[in-house]
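Worth knowing before you read on, the calculation uses all heavy atoms, side chains too, and leaves out hydrogens, waters and symmetry mates. In this text, all values refer to a predicted model and were calculated from it rather than measured experimentally.
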Amino acid sequence: MAAPLSDSSLSPLQTVAVVGLGTMGTGIAEVLAKAGRTVVGIDISEAQAARCVAALEASTARAVDRGKLTEQERADALARIRTSTDLRAAADADLVIEVAPESYEIKQQIFRELDAVVRPETILATGTNALSVTRLAAESALPERVVGLHFFNPAPAMRLVEVVSSVLTAPAAVTAVTDLALDLGKEPVAVGDRPGFVADGLLFGYLNQAAAMYEAKYASREDIDAAMKLGCGLPMGPLELLDLIGIDTARTVLEAMYAESQDRLHAPAPILRQLSEAGLTGRKAGRGFYTYEAPGSAAVVRDALTPLEGGPAVPGRPVRSVGVAGSGTMASGIAEVFAKAGHEVVLAARSEEKAAAAKARIGKSLARSVDKGRITAEAAAAALERIVPAGSYDAFADVDLAVEAVAEDLEVKRQLFTALDKVCKPGAILATTTSSLPVVACARATSRPQDVIGMHFFNPAPAMKLVEVVRTVLTADDVHATVREVCVRIRKHAVDCGDRAGFIVNALLFPYLNNAIKMVQDHYASLDDIDAAMKLGGGYPMGPFELLDVVGLDVSLAIERVLHREFREPGLAPAPLLEHLVAAGCLGRKTGRGFREHARR
């Protein structure tokens, strides 16, 4: 029997075999070769091995053109790579990384064959993102040398590497591959063995809910994707990303996650099965949620579901003057947006002092925009001149559109809408900026529910391009058309959705944040590792815990409760850790402490 893996038996991992030369395997081979490693690329298909070599030649040539490699460095890197169709070519490897298809049967067969080929001290790494590393290790003659090494696509560009240890993995193996990842210029994150690990564990639940949202015809594919890009700063929308990843791959990952968690939020949305079985697996097939110019192309082409261009079928109402109710940051931001677009704005609060203070805040915001060159001093002065502060909602008597941005409390909003109903002229549109409350409840507080609609701006309103336009079952067509036209005039991107909790963005964002909290609560990964994983592996501008502390833990908890109450999914129940922190007064940046400590502002 071979000696167990120990620190003294580990080599510096100079020779690495990569088994499986698809896109990921080719990318990993390139990273290794450019970092000075000898690489043995192995694939059962000679054609695939040849495609790998051609791809490496092309990608390194592009790197030379961009000044990232010299011709000599390129030649040296390519000289370090050889390919084979025989696993026995891995005999001298210090590390083998398998990136074969996501199948226990295929991966276990590779590991069994490698046991007969490689040295006892050779580390065997699996690149799986969906299967159990422990189960794969158990099939090896030396399970202590098996570790997970999950690169992200495209491997040369993505910095994150998840290092996955099972209960069987020797610490020395983890240390060796972690050191290798650092030497490759990557940022390794240590995680335990569960389907999806950190990044995909959080990402695929979110993608699944987006697919289910589309399947329910709650919003169009274009609006779902635009909402998450503009509302959260993501590089791609969820349905675009599913097409890029491969709908069949996503289904496989979700099946593995659901098998372990039994959380219905991980049960693959039926549309993923339908598309997979129809062969509509995304970009690689030329069609998935979208239709592409050709298989493998990133160019989206029009299809039967593409929205028609042109104006609305129903003409809207004229909107010249706008009333904004409230004196906080959101109200001030919305008033600024309308004023800069040329509208006369009445900014009304509970007192003239509050309204005047809100206008002063707008003045400072406009001054900052002037300093940054975003607007001329003359345009800023003209915009500020268009804003009239008022200490009573009676000043809304002649406005064409009234937008409320008061406290996120249903009773407060209902009372305000009752007041607006009495004050505003017939035909005026009444809009709520609520992010979590039912718009129809505001509508029913008036005698004109057909004139009530949701306009959910995002904070800070002057900077954020997205507005969720929320129709109730009572909203008139011309009211909806008017608000869409207004959004164009104020240079916002409107997305349509129905009146249900969370609308698009919050309904997809907050379950993801809640699941991140559960990972920390379960001691699966640290705050820093989770934040790093989502920024480096998912392209998120902020990690989930950074974002939670900015949004406010109390605000986050309130939205989680609304989502749980509406959808009744056990997986949407707020994480107890979030409840405890809010109860302790740890609300994020605004209190100086949330998930992290913050300097008091």
Side-chain angles (χ1 to χ4, degrees), residues 129-130 132-134 148 150 160 162 164-165 189-210 212 232 238 253-268 436 501-502 505-538 540 542-584 586-588 593-596:
N129 65 341
S132 166
V133 176
T134 307
H150 180 212
L160 179 68
E162 290 177 318
V164 189
S165 55
V189 170
V191 297
D193 182 24
R194 70 188 224 182
F197 313 128
V198 171
D200 285 352
L202 293 177
L203 179 65
F204 278 88
Y206 150 71
L207 296 177
N208 192 41
Q209 287 174 271
C232 296
V253 174
L254 286 163
E255 290 282 13
M257 290 171 63
Y258 179 66
E260 176 164 309
S261 71
Q262 294 298 298
D263 184 339
R264 289 188 303 196
L265 298 178
H266 296 153
S436 60
V505 173
N506 286 347
L508 296 178
L509 175 64
F510 281 89
Y512 148 79
L513 295 174
N514 199 42
N515 285 335
I517 299 169
K518 290 177 184 176
M519 281 188 175
V520 169
Q521 182 180 281
D522 295 344
H523 306 289
Y524 175 65
S526 70
L527 301 177
D528 291 341
D529 280 351
I530 293 172
D531 276 354
M534 297 317 296
K535 288 190 288 186
L536 298 174
Y540 282 68
M542 300 177 78
F545 296 101
E546 290 176 283
L547 182 56
L548 281 159
D549 276 0
V550 169
V551 170
L553 273 58
D554 51 340
V555 174
S556 302
L557 177 59
I559 294 172
E560 290 287 356
R561 285 173 172 167
V562 168
L563 291 171
H564 185 224
R565 186 164 60 243
E566 174 130 334
F567 296 109
R568 308 296 175 94
E569 283 285 355
L572 293 178
L577 177 57
L578 180 61
E579 302 257 16
H580 297 330
L581 286 168
V582 171
C586 301
L587 308 183
R593 184 179 174 191
F595 282 97
R596 293 185 175 90

When you measure from the side chain of Asp193 to the backbone N and O of Val133, does any donor-acceptor pair fall under 3.5 Å?
yes

May I ask you to decide if Tyr258's main-chain N or O and Gln262's side chain share a donor-acceptor pair within less than 3.5 Å?
yes

What do the steps show when you test Asn514 against Leu572 for side chain to side chain contact (heavy atoms under 4.5 Å, CB included), and what is the final call?
CA-CA 8 Å; Asn514 199 42; Leu572 293 178; 5.8 Å; no

Considering non-hydrogen atoms only, spot the tightest contact between Ala516 and Leu202 and give its length.
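In this case the closest contact between Ala516 and Leu202 is N-CD2, 3.5 Å.
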
Mind listing the closest non-hydrogen atom pair of His266 and Ser261 along with its distance?
ND1-OG, 2.8 Å

Straight-line distance of Arg194 CZ to Met519 CE, nearest 0.5 Å:
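That separation rounds to 4.5 Å.
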
Measuring from atom CD1 of Ile517 to atom CG of Leu553, what distance do you get when rounded to the nearest 0.5 angstrom?
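Answer for the CD1-CG pair, Ile517 versus Leu553, is 6.5 Å.
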
Would you mind telling me which of Asp200, Val191, Asp529 makes a side-chain contact (heavy atoms from CB on, under 4.5 Å) with Glu162?
Val191

Steps toward side chain to side chain contact (heavy atoms under 4.5 Å, CB included) verdict (Leu509, Leu547):
CA-CA 10 Å; Leu509 175 64; Leu547 182 56; 4.0 Å; yes

If the condition is salt bridge (charged side-chain N to carboxylate O under 4.0 Å, His left out), which residues does Arg596 pass it with, not counting sequence neighbours?
Asp528, Asp531

Could you work out, with side-chain hydrogen bond (donor to acceptor under 3.5 Å, both in side chains) as the rule, every residue matching Ser165, not counting sequence neighbours?
none

Go through it in stages, so that I can follow the logic: the residues are Asn506 and Ser436, the test is side chain to side chain contact (heavy atoms under 4.5 Å, CB included), and I'd like the CA-CA distance, side-chain angles, deciding distance and then a yes or no.
CA-CA 8 Å; Asn506 286 347; Ser436 60; 5.6 Å; no

